[in-house]
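Notes for the one structure printed next.
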Amino acid sequence: MKHISIHWFRKGLRLHDNPALLAAMTDCHKLYPIFILDPWFPKNMRVSVNRWRFLVESLRDLDESLQKLNSRVIAENNGKVPLTYVRLQTLLAALGPPKRPMPAPTLENLKDCCTPCKDNHDAEYGIPTLEELGQDPEQAGPRLYPGGESEALCRLDLHMNRTAWVCNFQKPQTEPNSLSPSTTVLSPYIKFGCLSVRTFWWRLAEIYQGRKHSSPPVSLHGQLLWREFFYTAGAGIPNFNKMEGNPVCVQVDWDDNPEHLRAWSEGRTGYPFIDAIMTQLRTEGWIHHLARHAVACFLTRGDLWISWEQGQKVFEELLLDADWSLNAGNWQWLSASAFFHQFFRVYSPVAFGKKTDRGGEYIKKYLPCLQKFPAEYIYEPWKAPRSVQEQAGCVIGRDYPKPIVVHEVVSKRNVERMKAAYTRRSASTTAQLEGGGGKKGARRKTPAGPSVAELLTKKPKTKSS
DNA sequence: AAAAGCGTTGAGACG
DNA sequence: GCGTCTCAACGCTTT
């Protein structure tokens, strides 16, 4: 019989070697792990702040360990973080769809409840202005994506009314350099929680219902699953926003080059496609996902050989939708440090943008100094004859920078450096395995009994006839 | 064409 | 005959 268990942590603030906890978990369908802070205790016992601190830290650690056990995706995968999207999809299929969103509160919910305000509320506790926050509103770019739940729900409606577009949506087919966004730009609203992911997910599910529609990873549902993918990784992988101490991250000998880093972040690399994207990022706070690919590859493994952690900081500062796990995860992806390993596939800062914007309209929008360049040279203005440059009113090296690196040269060298980093990695993991112990008894055999993690992760085997 | 790693699969060893 | 483990081969990877 399945039952409900309460495990009362008194002493024994640990998971390991805790028979009572294991017993409590066995065959139960609900478990309440509790600790009682007796109010009598602080009143009647004198205990130093140091020991209080020790207790609080122990409880916090216990709480984190228990939560980790309960993180369902990871638990579903036998405690291992899923490292591929396909793997995550299988796990999610077993977990089922997310819960339905809650309805917004109405007046009815507030019937017997008042929200008291003091007379000086607005002056003392009102929402501060940008000036009061030490920011200069003059520095802000065009207000393309106003904040707030109301705007989020409008924007959601706007896009969800495009039934065919929603059903046919395939992310790689959308354009990184269209003059207005080719995707929903709901990400800032999701990042701030102005839009509930569950609300978005179920709206899509309703639209998909009974219609032919695209699928993950490229569909709109698929985009939300990417978020789950990186959230899961961020929750389960230590030091996820760093290279050092991050077990899934290839250790690369990135260069330290403050000048190149600044040129990249300020949009002065001399590659118009890259500089236009970085300008859009700085002024508008949002760029298309594939545009992020292009500039991230350029900064790291493609051209400048600068650490993805530096790029991560710049995105963290400038993106409206900067989100810890997604930012760290995607930077690792694009730098071929984790998740993505085909480092020999390098984005061309010239060819990539041309595919969807032959005439370079996007470049001209964000880099007005190149406006008069003929389309032929807009992606590589340094190749234009001097006379063409002068006619365009923009001489390369004077009015717009020369390329800070030669892509064809550095990208080849970087692929080799990447290869070397991967070789070092596989060499070190082999060494780890071989150095792990003697030949006999070196392998870890199954422990005597089920562990806490196993008890929580083990699924009853369902055999349908 | 060929680079890399993850995860699955199937074969075989082992107890 | 069965479960468990290991290994190599193979397909896949959001352009």
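Letters A, B, ... mirror the listed sequences (proteins, then strands); counts begin at 1. Just so it is clear, the structure is predicted and the values come from calculations on it, not from any experiment.
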Scan the side chains in residues 167-176 of chain A for donor-acceptor partners under 3.5 Å anywhere in the protein, sequence neighbours excluded, and list what turns up.
| unit_1 | atom_1 | unit_2 | atom_2 | d |
| --- | --- | --- | --- | --- |
| A/N168 | ND2 | A/A164 | O | 3.1 |
| A/K171 | NZ | A/Q223 | OE1 | 3.1 |
| A/T174 | OG1 | A/K171 | O | 2.6 |
| A/T174 | OG1 | A/H288 | NE2 | 2.8 |

Produce the list of close N/O pairs, under 3.5 Å, pairing protein atoms with atoms of nucleotides 8-13 of chain C; give distances to one decimal.
| unit_1 | atom_1 | unit_2 | atom_2 | d |
| --- | --- | --- | --- | --- |
| C/dT13 | N3 | A/Q342 | NE2 | 3.4 |

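- Residue A/F352 is classed as having no contact, given no heavy-atom separation below 4.0 Å to the nucleic acid.
- Atom CG of A/L88 is separated from atom C1' of C/dT14 by 14 Å (rounded to the nearest Å).
- At a threshold of 4.0 angstrom between heavy atoms, the contacts of A/Y347 are confined to the sugar-phosphate backbone, with no base atom among them.
- The residue A/E416 sits apart from the nucleic acid: no heavy atom pair falls under 4.0 Å.
- One interatomic measurement links the two molecules: CZ of A/F340 to P of C/dT14, which rounds to 9 Å at whole-angstrom precision.
- A/L290 has its CG atom 13 Å from the P atom of C/dT14, to the nearest Å.
- For A/L220 and C/dT14, the CG to C1' distance is 13 Å, given to the nearest whole Å.
- Following rounding to the nearest Å, A/H289 (NE2) and C/dT14 (C1') show an atom-to-atom distance of 7 Å.
- Contacts with DNA chain B (heavy atom under 4.0 Å) in residues 297-305 of chain A: none are found.
- A/W331 places a side-chain heavy atom less than 4.5 Å from the side chain of A/T300.
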### Query
Where do A/W324 and A/Y231 land on the ring pair (Phe, Tyr, Trp, His ring centres under 6.0 Å) test, with the steps shown first?
CA-CA 9 Å; A/W324 193 88; A/Y231 265 52; 9.3 Å; no
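- Each of A/T232, A/V248, A/N77, A/L88 was evaluated against A/L83; a single residue qualifies, A/V248, per the side-chain contact (heavy atoms from CB on, under 4.5 Å) test.
- A/Y422 and A/F343 have tilted rings, their planes meeting at an angle from 30° to 60° on a 0 to 90° scale.
- Here the range on DNA chain B touched by chain A, meaning any atom under 4.0 Å from one of its heavy atoms, is B/dA3 to B/dT8.
- A 4.5 Å side-chain heavy-atom check between A/I190 and A/L224 finds at least one atom pair inside the cut-off.
- Computed from C1' positions of five pairs at each end, the angle between the two local axes of the helix from B/dA4-C/dT13 to B/dG15-C/dC2 equals 0°, rounded to 10 degrees.
- By the 30° and 60° cut-offs, the orientation of the rings of A/W254 relative to A/W305 is tilted.
- A/D357 has no carboxylate O lying under 4.0 Å from a charged side-chain N of A/K365, or vice versa, which leaves the two without a salt bridge.
- Partners of A/P19 under the side chain to side chain contact (heavy atoms under 4.5 Å, CB included) rule, at least two apart in sequence or in another chain, are A/D17.
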### Task
Decide side chain to side chain contact (heavy atoms under 4.5 Å, CB included) for A/Y85 and A/W226; before the verdict, give the C-alpha distance in whole Å, the side-chain angles of both, and the deciding distance to 0.1 Å.
CA-CA 8 Å; A/Y85 191 89; A/W226 279 110; 3.4 Å; yes
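- Taking the C1' atoms as reference points, B/dA2 lies 16 Å from C/dT13, given to the whole Å.
- For A/W382 and A/Y271, the gap between ring centers is short of 6.0 Å.
- Aromatic ring pairs are classed by plane angle as parallel below 30°, tilted from 30° to 60° and perpendicular above 60°; the pair A/Y379 and A/F273 is tilted.
- Using a 4.5 Å heavy-atom cutoff, the side chains of A/L156 and A/R203 are in contact.
- Ionic pairing of A/R268 and A/E266 is present here: one or more N-O contacts between side-chain nitrogen and carboxylate oxygen are shorter than 4.0 angstrom.
- Among the protein residues, A/F344 comes within range of the nucleic acid bases, having at least one heavy atom under 4.0 Å from a base atom.
- Atom OH in A/Y85 sits about 13 Å away from atom P in C/dT15, given to the nearest Å.
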